[in-house]
Amino acid sequence: MPELPEVETVRSGLVKLLPGKIIASVNFDWPKGFPNAQTDVDVFMIGASIKDVRRRAKVLLIDLSTSYTLVCHLKMTGQFVFRGGEEFGAGHPNDSLIGVLPDKSTRVIIEFSDGTHLYFNDQRKFGWMRLMPSVQVPELDFFKKVGPEPLSDDFTSKDFIQRLQRRKNTSIKAALLDQTVIAGVGNIYADESLWGAKIHPATKVTNVSDAKLKLLYSELRYVLGLAIEKGGSTNKNYVNAEGKRGSYMDFARVFRRENQPCPRCGTIIEKSRVAGRGTHTCPTCQSLRITK
DNA sequence: CACTTGACCTGTCCGC
DNA sequence: TGCGGACAGGTCAAGT
């Protein structure tokens, strides 16, 4: 799915487009992904205005004037695409992955009083959306358990090391992907940051030195920050709020670069499976034994 | 409790 | 061209 940088890119796009808009209609027929009753949607969404669009971990939060919030997860293939008037008409850059909407992946359509639309598309239907009172959002199990935001100012390397070491007997990659350890890291940025710190993803946490973990902290913050700057990674489906691709994949060092040379040493990058996920490594830079 | 694996879906790609 | 299987950015529940 979209990981932290992709969700943040969607958020920053939506927060420029949505606040102040008034919801005129909500079209949905997806009990599994959007299980709220039509009556609740009618009462707490129709006529409400959008107050804010926030992000926590990989979750998007769309706050409404009714003190209700739409809590949304894009999972692997979810997309939020806004379609307005002339600003998306003829002449805009042809880097959109999305054609005419709605299409066969459209699960929810929100129409605003000015005639613009917000589409929730999700090919694989793993994503979801829930309408609930804003005050109840922090009480969700996920939010009670989720770890700190890795890019927040008060998140230190000491916090990072302590939290990772709670999972000492698992692989460093599985620990990075564990949302209760740190929020927002997924498969792309786990591989990218581990390459940056020269740590093999299968190394047990307990076998990675504090110095290496400190380096990993820096590399992780670096790749997440760079990815936000580049508008995220479009591997296949991901698009921002305007339906456009992100460009981080042009800057990726190992992710989806198997059989290409490592940009640091020239060794051919390998693909394997770690923590149940496709994993990209440089066999020279990232030794299972060297952790110092 | 800690950790790993399979399931959830649809679509695409690759080998036969 | 068709078919089966593996795989895809995430997270849970169920298993060991």
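So you know, we letter chains A, B, ... as the sequences are listed, proteins then strands, and number each from 1. Values below: every heavy atom of this structure, side chains too, minus hydrogens, waters and symmetry copies.
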Residues in contact with DNA chain C, drawn from residues 127-151 of chain A - heavy-atom cutoff 4.0 Å: A:F142
Would you kindly say whether A:Y248 and A:E192 are connected by a side-chain donor-acceptor distance under 3.5 Å? yes
For a quick test of reading the model, state the closest non-hydrogen atom pair linking A:D154 to A:D159 and the distance between them. O-OD2, 3.4 Å
Do A:I110 and A:V15 sit in the same hydrophobic cluster, where Ile, Leu, Val, Met, Phe, Trp and Tyr count as joined when their side-chain heavy atoms come under 4.5 Å apart? yes
Using whole Å, report how far CG of A:N121 lies from P of B:dT10. 14 Å
Let me know the distance between CZ of A:R277 and P of B:dC3, rounded to the nearest Å. 18 Å
Nearest 0.5 Å, what's the NZ-NZ distance between A:K168 and A:K204? 8.5 Å
How far, in whole Å, is C:dT11 from B:dT12 if one measures between their P atoms? 24 Å
Looking only at heavy atoms, which two atoms of A:T9 and A:I228 are closest? And how far apart? OG1-O, 4.3 Å
State which residues pass side chain to side chain donor-acceptor pair (under 3.5 Å) with A:R167; sequence neighbours excluded, sorted by chain then number. A:D178
Mind checking who shares a hydrophobic cluster with A:I269, ILVMFWY linked at side-chain heavy-atom distances under 4.5 Å? A:W195, A:V254
Provide, to the nearest angstrom, the distance between the CE atom belonging to A:M76 and the P atom belonging to C:dA6. 17 Å
Taking atom OG1 of A:T279 and atom CD of A:Q286, what is their separation to the nearest 0.5 Å? 10.0 Å
Enumerate, atom names and distances included, each donor-acceptor pair closer than 3.5 Å involving a side-chain atom of residues 17-27 of chain A, sequence neighbours excluded.
{"from": "A:K21", "atom 1": "NZ", "to": "A:D114", "atom 2": "OD2", "distance (Å)": "2.7"}
{"from": "A:S25", "atom 1": "OG", "to": "A:E111", "atom 2": "OE1", "distance (Å)": "3.3"}

Looking at every strand, decide which applies to A:R107 at a 4.0 Å heavy-atom threshold: base, sugar-phosphate, or nothing. nothing
Please list, for nucleotides 5-9 of chain B, all pairs of protein and nucleotide N/O atoms separated by less than 3.5 Å.
{"from": "B:dC8", "atom 1": "O3'", "to": "A:K32", "atom 2": "NZ", "distance (Å)": "3.3"}
{"from": "B:dC9", "atom 1": "OP1", "to": "A:K32", "atom 2": "NZ", "distance (Å)": "2.2"}
{"from": "B:dC9", "atom 1": "O2", "to": "A:R124", "atom 2": "NE", "distance (Å)": "3.0"}
{"from": "B:dC9", "atom 1": "N3", "to": "A:R124", "atom 2": "NH2", "distance (Å)": "3.4"}

In sequence, state the C-alpha distance, the side-chain angles, and the governing distance for A:T106 and A:N121, and then conclude on side-chain hydrogen bond (donor to acceptor under 3.5 Å, both in side chains). CA-CA 4 Å; A:T106 302; A:N121 269 29; 2.7 Å; yes
Taking the hydrophobic residues Ile, Leu, Val, Met, Phe, Trp and Tyr, and joining any pair whose side-chain heavy atoms are under 4.5 Å apart, which ones share a cluster with A:V100? none
Using a 3.5 Å limit on both distances, find every run of at least three consecutive Watson-Crick or G-U pairs that involves DNA chain C. B:2-8 with C:10-16, B:10-16 with C:2-8
Could you measure between the two P atoms, the one in B:dG6 and the one in C:dG5, and give it in whole Å? 16 Å
Using the rule that two of Ile, Leu, Val, Met, Phe, Trp, Tyr join whenever any of their side-chain heavy atoms come within less than 4.5 Å, decide whether A:V181 and A:L194 are in one cluster. yes
Backbone N or O of A:K198 within a donor-acceptor pair of the A:K212 side chain at under 3.5 Å? yes
Interatomic distance where CD belongs to A:E258 and P belongs to B:dC14 [whole Å]: 12 Å
Same-atom distance (P) from C:dA14 to B:dC9, integer angstrom: 15 Å
Can you sort out the partners of A:R257 under salt bridge (charged side-chain N to carboxylate O under 4.0 Å, His left out), two or more places apart, ordered by chain and number? none
Output the residues of residues 159-169 of chain A in contact with DNA chain C, where contact means a heavy atom of the residue under 4.0 Å from an atom of the strand; sort by number or write none. none
Mind checking A:K204 for me? I need base, sugar-phosphate or nothing, with any heavy atom below 4.0 Å counting as a touch. nothing
Please name all residues satisfying salt bridge (charged side-chain N to carboxylate O under 4.0 Å, His left out) with A:E149, sequence neighbours left out, ordered by chain then number. A:R55, A:R56
Residue A:T170, side-chain atoms from C-beta onward, closest of C:dC7, B:dC3, C:dT11: B:dC3
Residues from residues 220-238 of chain A lying under 4.0 Å of DNA chain C - heavy atoms: A:S233, A:N235, A:K236, A:N237, A:Y238
Please produce a list of atom pairs where a protein N or O lies less than 3.5 Å from an N or O of nucleotides 14-16 of chain C.
none

Within 45 degrees of the axis of the six-membered ring of A:F160 and under 6.0 Å from its centre: does A:K214 put its NZ or CZ there? no
What interatomic distance, in whole Å, is found between C1' of C:dA8 and the corresponding atom of B:dC3? 24 Å
To the nearest Å, how far apart are A:D178 CG and C:dG10 P? 13 Å
Under 4.0 Å: is that the gap between some side-chain N or O of A:Q179 and OP1 or OP2 of C:dT11? yes
Considering only atom P, compute the distance from B:dC1 to C:dG10 and round it to an integer number of Å. 26 Å
Report yes if at least one side-chain N or O of A:H73 is closer than 4.0 Å to OP1 or OP2 of C:dT11; otherwise report no. yes
Can a donor-acceptor pair be found, under 3.5 Å and without considering hydrogens, that links the side chain of A:D191 to the backbone of A:H280? yes
Between A:Q79 (CD) and C:dG10 (P), how many Å, whole number? 15 Å
Quick check: does any side chain N or O of A:R245 sit under 3.5 Å from a backbone N or O of A:G231, one acting as donor and the other as acceptor? no
In whole angstroms, how far is the P atom of B:dG11 from the CG atom of A:L97? 16 Å
From A:L224 CG over to A:I188 CD1, what is the distance, rounded to the nearest 0.5 angstrom? 11.0 Å
A:L177 CG - C:dT11 P separation (whole Å): 9 Å
Does A:E270 reach the main-chain N or O of A:E258 with its side chain, forming a donor-acceptor pair under 3.5 Å? no
Considering every strand and a 4.0 Å limit on heavy-atom distances, what is the contact class for A:Y189: base, sugar-phosphate, or nothing? nothing
